[in-house]
There are 2 protein chains.
Amino acid sequence: MKKSKGATVHEVAREAGVSAATVSRFLNGTAKVAEDKRQVIESVIERLNFKPNVLAQNLKSGSTRTIGVLTQSLVSGFFNETMTGIEDALKAAGYAPLIVTGHWHADEEAERIELLIARRVDGLVILTGNLTDAQILKFSQRVPIVAFGRKLQGKQAFGFSLDNYTAACEAMDYLVEQGHRNIAFIAGPEEHEDARARLAGYRDTLAKHKIRFNTKLVVQGDFQESGGLLAVNQLMESRQRFTAIFAANDLTAYGARLALYRRSIRVPEDISIVGFDDLHTSMCVTPPLTTVRQPLFEVGQCLGHAMLKMIAHEKFEINVPPLSLMVRESVRRVS
Amino acid sequence: MKKSKGATVHEVAREAGVSAATVSRFLNGTAKVAEDKRQVIESVIERLNFKPNVLAQNLKSGSTRTIGVLTQSLVSGFFNETMTGIEDALKAAGYAPLIVTGHWHADEEAERIELLIARRVDGLVILTGNLTDAQILKFSQRVPIVAFGRKLQGKQAFGFSLDNYTAACEAMDYLVEQGHRNIAFIAGPEEHEDARARLAGYRDTLAKHKIRFNTKLVVQGDFQESGGLLAVNQLMESRQRFTAIFAANDLTAYGARLALYRRSIRVPEDISIVGFDDLHTSMCVTPPLTTVRQPLFEVGQCLGHAMLKMIAHEKFEINVPPLSLMVRESVRRVS
DNA sequence: TTGAAAGCGATACCAT
DNA sequence: ATGGTATCGCTTTCAA
């Protein structure tokens, strides 16, 4: 099966009356090439519409200029905004992301990472997930890894997360400042580090303001809309009194808001809601959601740059804007 | 620079006391290998933890088992749901998607496609975008292409879109059935085929029901929330009377809904809204949005399968569920 | 059934 | 400055 596509360096070389080595040198600027040959080569390349075969380059160089990205969901605004940042950072350096999905399932994540490694990605970006740090460190013996959503430090591994705790405290402080004292919390998955940090922030801020921690006001969610909806139902059934809900993430807040709507409870007149993430849509829901903004695009860029630096064995530092509370219209002042 | 990673077939061969060819045959089942050698090879592979170098296989086979996917936005629910379907279909066949973004910009799309081709993807999936059919047909001379959002038929190109027109008619019929006669329409980008089909559906259904087409009731949007918001403002300023809004897509509906909220106009009590797409969040906004559901996951799967078939030079047919109206709570019956 | 050897296409070292 | 040649690791004839 003759490949119909594309000329080779040898063909170009022959046509131009030079050696393949010279063509290669011209292509990569590896060494000086006489002006006259230069011109001939250039025109032959043009005429033959020659494009170097990346596959051969890859084999030779051992590098694919591809970065594997392990995400958890292709439909989540959270991951996708981060991904946009990653793509942005990689693009400039001529790298492309190979994206796979782990669906929050450690086994699947590991399997997809194996695939990525088999495909010889030059590096790996891991967005949260359920692998243990130990597993990731193990993988990092085979390929450089940058992770988000976990603190990690190794020879070829680096991970960072944002200060979810402080941001959660800030959100809670705001709620208290607005006069709320009975605040419900819809938690995220327990195994999730960020979710735990947010819960801790809720708890500690209550203490700080000398507000009694009421277990009945904390219900389990799952970071999905459905969890938020169920949580509010549970809250209502338990007949606890509360004037505000702090949802562990925006999706949860959406679900909670819907449950309230179903019961004709107004937001924020009757109950206030605060979310976490600041998804793209959060400024457009009704009422626009007051939530903690995660600078996900910047995080993505940062991950991309860090990856590139790591591959180049250069020093790098993480520098992303802090989490910040976006005050919109879902919280009402109570007296 | 000696590669620290991975043994080669030759090393395995040497250790096992056979030739590299035999190892290769064992690996690919290309030919029979004696049971005894088989066992030795297997154990050596195990011991050396040998993994064939995909780069070399790629070079040899000319194939990367990678499908390029041109999307327009990494943060759009519309594209991402489709992508999930594509990934699902490819995964089973050992293919992986290389995703790039065109941002609705023909030049950028073309440039990203060049990148994909340079990386020797085995095929290309194009999700809508602003390239002309002619451009795509041209690209398809270099690589097989399957496209969504445009009808296309070529030697190595195939494209299909869903019947947006009929679905738009259905949505409008529903609105009319519910007693609405003054229906505003917020259009999508004019150059967008689907957007035009939806507008046509709006117009024709009005005619079918003998309702006068009022130009003032049609305002331009951009498929984004902001467009919907602006559109409603414009509508209010023009002081037209209407009881319902048909938004060209869900994002537009979100924006419209927010604009209404800002003016304390209730949905659906004062004004009804119908969207198009059925994004994931649409069932969780308040009120849950009545909208046309696009079976995007299935579309993605279909695209993936079609691509695989095309690569294998096999016949295939497109079979996706039709668009359907999801009746939820954003439309009220008026008398 | 098996092995030797010739590529796949680009690159880099070693001469000249 | 330039050419010849070995090399990256695997696959696949061609012979035996």
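In what follows, chains are A, B, ... by sequence order, proteins preceding strands, each numbered from 1. This one's a predicted model, so the numbers in the text were calculated from it and none came from an experiment.
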Excluding sequence neighbours, so at least two apart, what forms side chain to side chain contact (heavy atoms under 4.5 Å, CB included) with Gln57(A)?
Pro52(A), Val54(A)
Once you build an axis from the first five pairs and another from the last five of the helix from dT1(C)-dA16(D) to dT16(C)-dA1(D), how far apart in angle are they, to 10 degrees?
40°
Write out a two-atom table: protein N or O, nucleotide N or O from nucleotides 2-4 of chain D, distance below 3.5 Å.
| unit_1 | atom_1 | unit_2 | atom_2 | d |
| --- | --- | --- | --- | --- |
| dT2(D) | OP2 | Ala34(A) | N | 2.5 |
| dG3(D) | OP2 | Ser19(A) | N | 3.0 |
| dG3(D) | OP2 | Ser19(A) | OG | 3.3 |
| dG3(D) | OP2 | Thr22(A) | OG1 | 2.5 |
| dG3(D) | N7 | Arg25(A) | NH2 | 2.6 |
| dG3(D) | O6 | Arg25(A) | NH1 | 3.3 |

Do [X] and [Y] make a side-chain contact, defined as non-hydrogen atoms from C-beta onward lying under 4.5 Å apart?
X: Arg150(A); Y: Ile136(A); result: yes
X: Glu109(A); Y: Arg112(A); result: no
X: Val125(B); Y: Ile86(B); result: yes

Answer with yes or no whether Lys60(B) presents, from its side chain, a donor or acceptor under 3.5 Å of a partner atom in the base of dG9(D).
no
Could you check which of dT11(D), dT11(C), dG9(C) has an atom nearest any side-chain atom of Leu59(B)?
dG9(C)
Of all the nucleotides listed (dA10(C), dT11(D), dG9(D)), which has the minimum atom distance to the side chain of Val9(A)?
dA10(C)
Base, sugar-phosphate, or nothing for Ser24(B), non-hydrogen atoms under 4.0 angstrom?
base
Does anything in residues 38-52 of chain B pair up under salt bridge (Lys or Arg N to Asp or Glu O under 4.0 Å), and if so which pairs, sequence neighbours excluded?
Glu15(B)-Arg47(B)
Pick from Trp104(B), Phe297(B), Phe223(B), Phe148(B): which one makes a ring pair (Phe, Tyr, Trp, His ring centres under 6.0 Å) with Phe79(B)?
Trp104(B)
Taking ring pair (Phe, Tyr, Trp, His ring centres under 6.0 Å) as the definition, give me every residue that meets it alongside Phe158(A), ordered by chain and number, with sequence neighbours left out.
Phe316(A)
State whether Gln57(A) places a side-chain N or O below 4.0 Å from either non-bridging phosphate oxygen (OP1 or OP2) of dT11(C).
yes
Contact under 4.0 Å: Asn28(A) side-chain N or O vs dT11(C) OP1/OP2
yes
Could you list all the side chain to side chain donor-acceptor pair (under 3.5 Å) pairs where at least one residue sits in residues 310-321 of chain B, not counting sequence neighbours?
Lys309(B)-Glu314(B)
